[in-house]
Amino acid sequence: MPLRLFNTLTDEKQDFTPVRPGRIGIYVCGITVYDLAHVGHARMLTAFDAAVRALRWTGWQVNFVRNWTDVDDKIIRRANERGEDPQQFAARFIDECRKDMQALNILPADAEPKATEHIPEMIELIGKLIERGHAYAAKGDVYFSVRSFPDYGKLSKRNLDDLQSGARVEPGEQKRDPLDFALWKAAKPGEPASVTWQSPWGPGRPGWHIECSAMSQKYLGITFDVHGGGKDLVFPHHENEIAQSEAASGNQLANFWLHNGFVTIDAEKMSKSLGNFRTIRDLLGQWDGEALRAFLLATHYRHPINFTEAAVADADRRIEYFYETLAKGDAYLSQKKYTGGEPRPVDEHVAAFRDAMEDDFNTAEAMARVERVYGFVNARIDAKAPPAEVAALLHTARTLSHVLGLVARAPLDAIRERRLVAARRKGIDPAEVDRQIEERIAARKAKDFKAADAIRNKLASIGVELRDGPQGTDWRVLL
RNA sequence: GGCACCGUAGCCAAGUUGGUAAGGCAAGGGACUGCAAAUCCCUCAUACCCCGGUUCGAAUCCGGGCGGUGCCUCCA
């Protein structure tokens, strides 16, 4: 099956055709770093990470660019409030964000350009726009003249007259038309030197949109394959990028535009004003990073996801099931002294998974396919199937999970780590649990099942579940 | 007001270039177990917000409603 992608530009699912055969250039608008990243950022990161992994796995040579916006009004304001230099402030949050990304198993992009490191490219692009009559300088600011670009609105399906009514001019702005937007902002009194650059129009700093036009062109060329980001960027950010890039070059910016849906909380968009804002960091204190990732991948990237504890718990259960199955499979093969070498994946399952991912990155469908494979692993082990058969299924489950960026750890390590996270969430003391288990083992040896059951019930009441097996007694935290 | 999106079982969620409803959770039954848990097997939507229309055939297309969300200002 060919790769099919839903394109915001055409509002339909289309067969993908690359600019250059076998290669895909992708630019995704990253994060503006003025605070810890939230679950919405996690969704964007996870969606495009899974997409890139899937593309590589299916044989595409991918050039993936994800930028950092490290200069903007909010960064400057926040940094000022804390008496910190804006550049250092932004750099600090990039570091914090990278920690979160690691926990979510997000791979680094091929290039992660920062806006502040591409000021000359932006100045050059702005110069070209002025030259071509699409932009004008006014008292140290430079604005893009929206009316000079006839295609304006083609991505967000808006017409200029509708926009006109809602547009407004901030005090101090020098716009000729309220719809025009800033390419360059003159430095204001008191702004730190670290966020002020010299330009032909005087000292200042770039507007938000121009960085993506400049950086995407630098790393991916004039017309590239895929441009992505959150749905809220469609207007005005991506619309403005298109206007800048296409007005400057006369060519299409990107052939496919992909936008991920929002994460909502209690069915409302997260926002600071509503106070329903959840940072990744906050969640990682309670949940396993892979469980969060699985939660985000369980819904198609374009649809909204409603964040609930129950939904994350559900995803957590799946990750648990995956690791338990891997551990059981590994144990089975080693017990059977299996030495069949590198097993072949099971074609049927690989094909079903691949079809799902190539259908507009349908991770929900793909997850269901993977789960089925784990189910087969367990079923065949229970049926005492030949090790070679189990090995093939196990290998398939692992491979496909890795494409989704799941199950990255050694099973036994993961199970132990996950249990600690869960115990912390529930306020359970692992050492105390171990002590009680010792007591119960003694009771069971003495055939005092009444005492043994009493201990189990006591532990169950605080959310600890015991598992008696041939190797002794193990425990898990109930969700 | 303009522009998009969404409405599928108790819950979550695929399927929407039409062909007769994936999967998960929960629930019930069974195997296994000292009892459990884990695991496996079986059952679980004549039905896809409502009303019309097109069609041999519609959850999928068209029209009209109802309900919800987002964007139109910074926002993943």
Side-chain angles (χ1 to χ4, degrees), chain A residues 4 8 11-15 28-32 34 37-48 69 72-74 77 153 156-159 161-168 170 208 228-237 239 259-264 267-273 294-295 298-306 308 310-315 317-318 320-321 324-325 328 352 356 359 362-372 374-383 444 447-450 452-453 456-457 460 464-469 473-476 478-479:
Chain A
R4 291 174 63 77
T8 307
D11 268 338
E12 58 185 17
K13 217 190 270 183
Q14 299 173 263
D15 286 342
V28 170
C29 289
I31 297 176
T32 301
Y34 63 92
H38 56 65
V39 198
H41 295 117
R43 161 99 115 157
M44 173 274 291
L45 294 166
T46 304
F48 289 103
T69 297
D72 112 312
D73 290 345
K74 275 194 289 274
R77 199 183 61 228
S156 56
K157 319 290 183 293
R158 286 156 213 261
N159 67 62
D161 296 326
D162 290 338
L163 288 168
Q164 191 78 54
S165 58
R168 61 178 189 228
E170 296 293 330
W208 175 33
K231 251 193 173 88
D232 48 351
L233 298 186
V234 174
F235 188 90
H237 185 54
E239 198 69 71
H259 293 98
N260 64 272
F262 292 124
V263 177
T264 60
E268 276 181 317
K269 183 183 172 181
M270 266 195 291
S271 76
K272 300 220 161 166
S273 56
F295 159 70
T299 301
H300 185 97
Y301 76 88
R302 267 189 294 115
H303 294 174
I305 298 184
N306 194 28
T308 62
V312 181
D314 201 271
R317 249 177 245 118
R318 295 189 193 199
E320 185 79 7
Y321 178 69
E324 295 279 359
T325 304
K328 190 165 147 189
D359 183 13
N362 192 340
T363 55
E365 170 86 24
M367 288 263 282
R369 298 294 181 176
V370 176
E371 282 170 44
R372 200 168 302 179
Y374 281 93
F376 287 133
V377 171
N378 279 308
R380 298 313 292 151
I381 291 173
D382 281 11
R444 290 183 78 208
K447 301 274 183 218
D448 184 355
F449 292 121
K450 202 172 167 184
D453 287 350
R456 181 176 36 224
N457 291 337
V464 171
E465 173 181 276
L466 298 185
R467 295 185 186 179
D468 295 328
T473 298
D474 200 4
W475 61 281
R476 294 288 184 274
L478 287 165
L479 288 171

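Order of the sequence lines sets the chain letters (A, B, ...), proteins ahead of strands, with each chain counted from 1.
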Counting only Watson-Crick or G-U wobble pairs whose two distances fall under 3.5 Å, which nucleotide matches [N]?
N     : result
B:U46 : none
B:C71 : B:G2
B:A21 : none
B:G63 : B:C51
B:A38 : none

Measuring only the [atom1] atom in each nucleotide, how far is [N] from [M]? A whole number of Å is fine.
N     : M     : atom1 : result
B:C3  : B:A59 : P     : 29 Å
B:A47 : B:A58 : C1'   : 13 Å
B:C71 : B:G24 : P     : 35 Å
B:A76 : B:G29 : C1'   : 46 Å
B:A21 : B:A45 : P     : 11 Å
B:G23 : B:C41 : P     : 12 Å
B:U20 : B:A37 : C1'   : 41 Å
B:G15 : B:G7  : C1'   : 15 Å

Check every strand shown and say whether [X] touches a base, only sugar-phosphate, or nothing at a heavy-atom separation below 4.0 Å.
X        : result
A:Ala379 : sugar-phosphate
A:Gly469 : nothing
A:Asn378 : sugar-phosphate
A:Arg476 : nothing
A:Leu466 : base
A:Thr308 : nothing
A:Gly153 : nothing
A:Gly40  : base
A:Lys157 : sugar-phosphate
A:Lys328 : sugar-phosphate
A:Val39  : nothing

Which distance, rounded to the nearest 0.5 Å, do you find between the [atom1] of [X] and the [atom2] of [Y]?
X        : Y        : atom1 : atom2 : value
A:Asp72  : A:Thr32  : CG    : OG1   : 5.5 Å
A:Lys328 : A:Ile381 : NZ    : CD1   : 5.5 Å
A:Phe295 : A:Ile305 : CZ    : CD1   : 5.0 Å
A:Asp73  : A:Tyr34  : CG    : OH    : 11.5 Å
A:Ile31  : A:His38  : CD1   : NE2   : 8.0 Å
A:Phe48  : A:Arg43  : CZ    : CZ    : 10.0 Å

Given side chains that start at C-beta, do those of A:Lys13 and A:Asp359 come closer than 4.5 Å, heavy atoms only? yes
How about A:Phe262 and A:Asp232: do any of their side-chain heavy atoms sit closer than 4.5 Å? yes
Under 3.5 Å, which protein N or O atoms sit close to an N or O of nucleotides 13-18 of chain B? Give each pair with its distance.
residue, atom, partner, partner atom, Å
B:A14, OP1, A:His300, N, 2.7
B:A14, OP1, A:His303, ND1, 3.3
B:A14, O3', A:Asn362, ND2, 2.8
B:A14, O2', A:Glu365, OE1, 2.7
B:G15, OP1, A:Asn362, ND2, 2.9

To the nearest Å, give me how far apart [atom1] ([X]) and [atom2] ([N]) are.
X        : N     : atom1 : atom2 : answer
A:Arg380 : B:C40 : CZ    : P     : 13 Å
A:His259 : B:A4  : NE2   : P     : 15 Å
A:Asp314 : B:G24 : CG    : P     : 11 Å
A:Arg317 : B:C12 : CZ    : C1'   : 11 Å
A:Asp474 : B:A36 : CG    : C1'   : 14 Å
A:Asp468 : B:U33 : CG    : P     : 13 Å
A:Glu324 : B:U39 : CD    : P     : 7 Å
A:Arg77  : B:C74 : CZ    : C1'   : 9 Å

Quick check for you: among B:A37, B:A76, B:G23, whose closest atom lies nearest to any side-chain atom of A:Met270? B:A76
From the set B:A76, B:A22, B:G34, return the single nucleotide nearest to any side-chain atom of A:Thr32. B:A76
Between the base of B:G23 and the side chain of A:Arg369, is there a donor and acceptor pair under 3.5 angstrom? no
Which residues share a side-chain hydrogen bond (donor to acceptor under 3.5 Å, both in side chains) with A:Glu320, sequence neighbours left out: A:Arg418, A:Arg476
Keeping the roles fixed (side chain from A:Thr363, backbone from A:His300), state whether a donor-acceptor pair exists under 3.5 Å. no
Mind running side chain to side chain contact (heavy atoms under 4.5 Å, CB included) on A:Glu239 and A:Arg158 for me, showing each step along the way? CA-CA 10 Å; A:Glu239 198 69 71; A:Arg158 286 156 213 261; 5.7 Å; no
Taking OP1 and OP2 of B:C40, is either one under 4.0 Å from a side-chain nitrogen or oxygen of A:Tyr321? yes
Set out, line by line, the N/O atom pairs under 3.5 Å between protein and nucleotides 68-71 of chain B.
residue, atom, partner, partner atom, Å
B:C71, OP1, A:Lys269, NZ, 2.7
B:C71, O2', A:Arg158, NH2, 3.1

Toward the 5' end of RNA chain B, which comes first, A:Tyr34 or A:Gly375, by nearest nucleotide? A:Gly375
Could you check A:Met44 against A:Arg372 and say which one's nearest nucleotide on RNA chain B is further toward the 5' end? A:Arg372
